[in-house]
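A quick write-up on the structure given underneath.
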Amino acid sequence: MKVVILNGSPKGQNSISLQTALYFQKLHPTHDFQVLDVAQKIKFYEKKFDTIKDTLESADLLLFVYPVYTFLAPAQLHRFIELMKENKVSLENAFVSQITTSKHFYDSTAHAYIEENCYDFMGKYIPGFSGDMDDLVTKQGQVQAKDYFDKMLFDIEHNIYTLKPVLKQEVPAYRSILEAKEKTIAKNVVMISDYQEGDDSLKAMMDDFVATSKANIRVVYLKDLRIDGGCLGCLQCAISAKCVYKDKFDAFIQEEIGHCDAIVYAFTIKNHFANSYMKLFDDRQFCNGHRSVHKGKSVTYIVSGDLDSEKNLQTVIQARSEVGGLYLCGIVSDQHHPSQSILNVCQTLDYVLEKPIERPTMFYGVGGTKIFRDLVYVMQGFMQADHKFYKENGIYDFPQQNKLQLYKMIFLGNLLQIPAVQKKMKGQLSSYILAPYKKVLEEEEK
Ligand SMILES: Cc1cc2nc3c(=O)[nH]c(=O)nc-3n(C[C@H](O)[C@H](O)[C@H](O)COP(=O)(O)O)c2cc1C
């Protein structure tokens, strides 16, 4: 496979982001990788774009690899995208994805920006990988990077990609058309549905989804569930993890949902969310406090209605998945290509059921977790169940606990105050920062 890497870091070969792409090159030497330093050499490409147009259009996989710069990408990469459009580059034969490093501050908007541009180039878009700056030098970061690339190879092999949204407010009703697959995956998958009489399109999508997955999916209809009322906000559960209601919903959540391997939510959009019964179900999960009890599992959404117009709902879905540490397999909607997207998302669900994978959390997840971390830490005397969970799961990662890094930076900062050292180090700081990443690449080579 021909993999073309568009290196969008102004630092060129000294880019941290690029190291993740080079890591994949080391892991998969049979694929043909080519790196183009498009940001660093932007002046050259402004004059000589024709030298690479064929390279871009003949790629099987094109990867935008760049640092997040102020909510989006570096200006040089924005300029390169302008050049691609001016030169009418078409990526219709390529799969396209993206790799970034950042501190996860609005990496979500940067990824959305590149994704939207990929659709303009007609590329088959595969969701990208957003690593923290230091991820590649950690074991967990390496595992997540490998997971991303392996899943991408699976997607390419099975022609799975995110379909370009086409604004279309009239949502045609979906009718079941897919054939049932043999149930070969023995995992516990629950579909939570707020299906109501008349939601025929939702029901058809649910039926096809259940038929098409290789796992047996247990459907729980919210209307059949006993929920005596909404969360009262009494905080009685903060200590005991037990709810004051006697409807046994807390036990249901903790025993039946808590132990499942994957959750599928199915609902019809109503008043810019779902039926209020769905919200009842959400709020009553407060008996789990701020604990991401489903971390490492997966979640899928089946949504009927005009999802394209519901930007806030899209954000809620993404943010909830991330804060909960869940792998979002995808969103099936009757708005666009529903049968194709049921097949795609089902394959992803089956894949992660057989080989659970994690992806690094982006801005919504990282930001949300930090807010909860600080909240629970201060409230630990009261939020005892949360505090115990946060301690056991290493969520108290306050920066000030990373003493080694703190002292290293103080030492480095003081050293660089000395003019002679400053002179010696001039232009070398980037390669000094890169040393631990190079070590990872060398280790992988052995
Ligand atoms: C001009 C500039 C803007 C940045 N903006 C962001 C940002 O919005 N969010 C973030 O998380 N990191 C931001 N960063 C940090 C970089 O994304 C991060 O250091 C990245 O790992 C650098 O990758 P590179 O070595 O491949 O260039 C910014 C850095 C610079 C220099």
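The structure presented is a predicted model; accordingly, all values stated were derived computationally and were not measured. Atoms within a ligand are numbered from 1 in the order they appear, just like the ligands themselves.
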* Asked: Hey, is R359 close enough to E322 for a salt bridge, meaning N to O under 4.0 Å?
  -> no
Parallel, tilted or perpendicular: which fits the ring planes of [X] and [Y], with parallel below 30° and perpendicular above 60°?
{"X": "Y106", "Y": "F71", "result": "tilted"}
{"X": "F281", "Y": "Y265", "result": "perpendicular"}
{"X": "Y119", "Y": "Y125", "result": "perpendicular"}

* To do: Would you please indicate if the ring centroids of Y377 and Y390 are separated by under 6.0 Å?
  =>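 Between Y390 and Y377, which both carry aromatic rings, the centre distance is not below 6.0 Å.
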* Hey, which residues fall under 4.0 Å of ligand 1 on heavy atoms? ->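 Within 4.0 Å of ligand 1, the protein residues are S9, K11, S15, I16, S17, P67, V68, Y69, T70, F71, T101, S102, K103, H104, F105, M133.
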* Asked: Between H290 and F372, does a ring-ring contact (aromatic ring centres under 6.0 Å, His included) hold up when you go through it step by step?
  -> CA-CA 7 Å; H290 305 85; F372 286 157; 4.8 Å; yes
